[in-house]
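Okay, so here's the structure we're looking at.
Below, chains carry the letters A, B, ... as their sequence lines are ordered, and counting in each starts from 1.
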Amino acid sequence: MRTLSSDNKISRLTADALFVATALIFSYVEAVFPLSPLPLPGFRAGLANIAILGACFRHSLWDGAAVSLCRIVLQFLLFANPTSFLFSLGGGVCVLLLLFLLKRPCFTRRCSFIGVSVLCAAAHNLGQILAGCLLLSTAVLAYLPALFAASLFYGTLSGILLNLLAPAILPNKKSNSKPNQ
Amino acid sequence: MILLPHHKLTRYDVLVLILIALLIPLSGILLFRHSGSVCVVTCPAGEVRYSLSENRTFTVEGDGELCLIITIADGAVSVTSSDCPDGICVRTGSISRTGESIVCVPAKTVIAIEGASTDKGVDRADFIIG
C-alpha cells in the first residue's frame, strides 16, 4: 500500500465520512418510504449501494468496506430494527465480496457503473435473502425471482445516477487525486 | 488506481442487464416446479381433500347457492363451469403445482393444491416475522 501524505489522509477521511452520511440518508429514505420490493419487513431496496460504490471506486475496497460497515451500524443505532440490521449486514458482506471479485481491469475496462450497480444490487438482495434464510426459514427463497427483478430496477437506477455523478466523485488521472470540479 | 473509463452505457452493461433479466424466470422455474398431489376445496360448508391422481368431476355448492363444477383430470384441477357472475374462476384455467390456487370470490370457495411433503394435519406457519 502506498503511503499517503497527511493531506491525502484527511481528504480521504472526509470524503469517506461524506459517503457514510449519504448512505445513511439513502437508508433513511428506504426506511420511511415503502420502497421495499418484497413484502418482508426489514428488507431494503439497496440504494445505499450508490455511496458504497462511490467510496470503493474513489479510494479502495477497504474504504468501501469501512463506509458500508459504518452505515450499517449507524442505521441500526438510528432506526433500531434488528431484522433490517442483519439483512443489511448480509447484503453488505455479499456486496463487498462481489466488489472484491469485480475490481479487475478486465471488468472495469468494459462496463460502466450500470453493470457494476446491477450486479451489486443483485448481490445485496441475495445477501439479504440468505440472511433471511438463516433467520426466518428457507421459505424466503420463494422470493428469488422478485429479488432479481428488484435488483434489475434499483441497480439500473443507481447505475445511471453513478454514471452521471462519476466525473465529480472519481479522481482524475492527471491531478493528485482531485476530481473535476 | 482502477478507474471506470466509461460513464455511459456500454454493450457489456446491456449484457449484464440481460443476464440478470434472464435469472428472473430461471429462478422462478427452478423453485416452483413441484407438482401437487392433493387438492383442497374450501367452501363455507367445509373443507374437502381430493387426490389429484384419479380423474373425477364433482359439484361444490358455494356461498349463496352458487354451484361450481370442478374437474380433476391428468393431475390438474380446474373449474369447468360456475354460476358466479364474473366467471374468473373458470377463466383461471387448470392448476397442478403446489401453492397454486383458484379462487371464486362470490361463492367464497378456494381450491388449493398441496404437495406430498406437507405435514399431515398440522398447521405449520411458514415463518414468523418480527
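- With a threshold of 4.5 angstrom between heavy atoms, A:Ser151 approaches chain B through side-chain atoms but not through N, CA, C or O.
- Using cut-offs of 30° and 60° for the angle between ring planes, the A:Phe113 and A:Phe57 rings count as perpendicular.
- With hydrogens and angles ignored, the 3.5 Å screen pairs no side-chain donor or acceptor of A:Gln128 with any backbone N or O of A:Gly90.
- Chain A forms more heavy-atom pairs under 4.5 Å with one residue of B:Ile24, B:Val16, B:Leu17 than with any other, namely B:Ile24.
- In this structure, no portion of A:Ser60 lies under 4.5 Å from any heavy atom of chain B.
- Under the 30°/60° scheme for interplanar angles, the aromatic rings of A:Phe43 and A:Phe87 are found to stand perpendicular.
- Heavy atoms closer than 4.5 Å to chain B are found in both the backbone and the side chain of A:Ala149.
- Using a distance-only test at 3.5 Å, with no hydrogens or angles considered, no donor-acceptor pair links the side chain of B:Arg56 to the main chain of B:Ile72.
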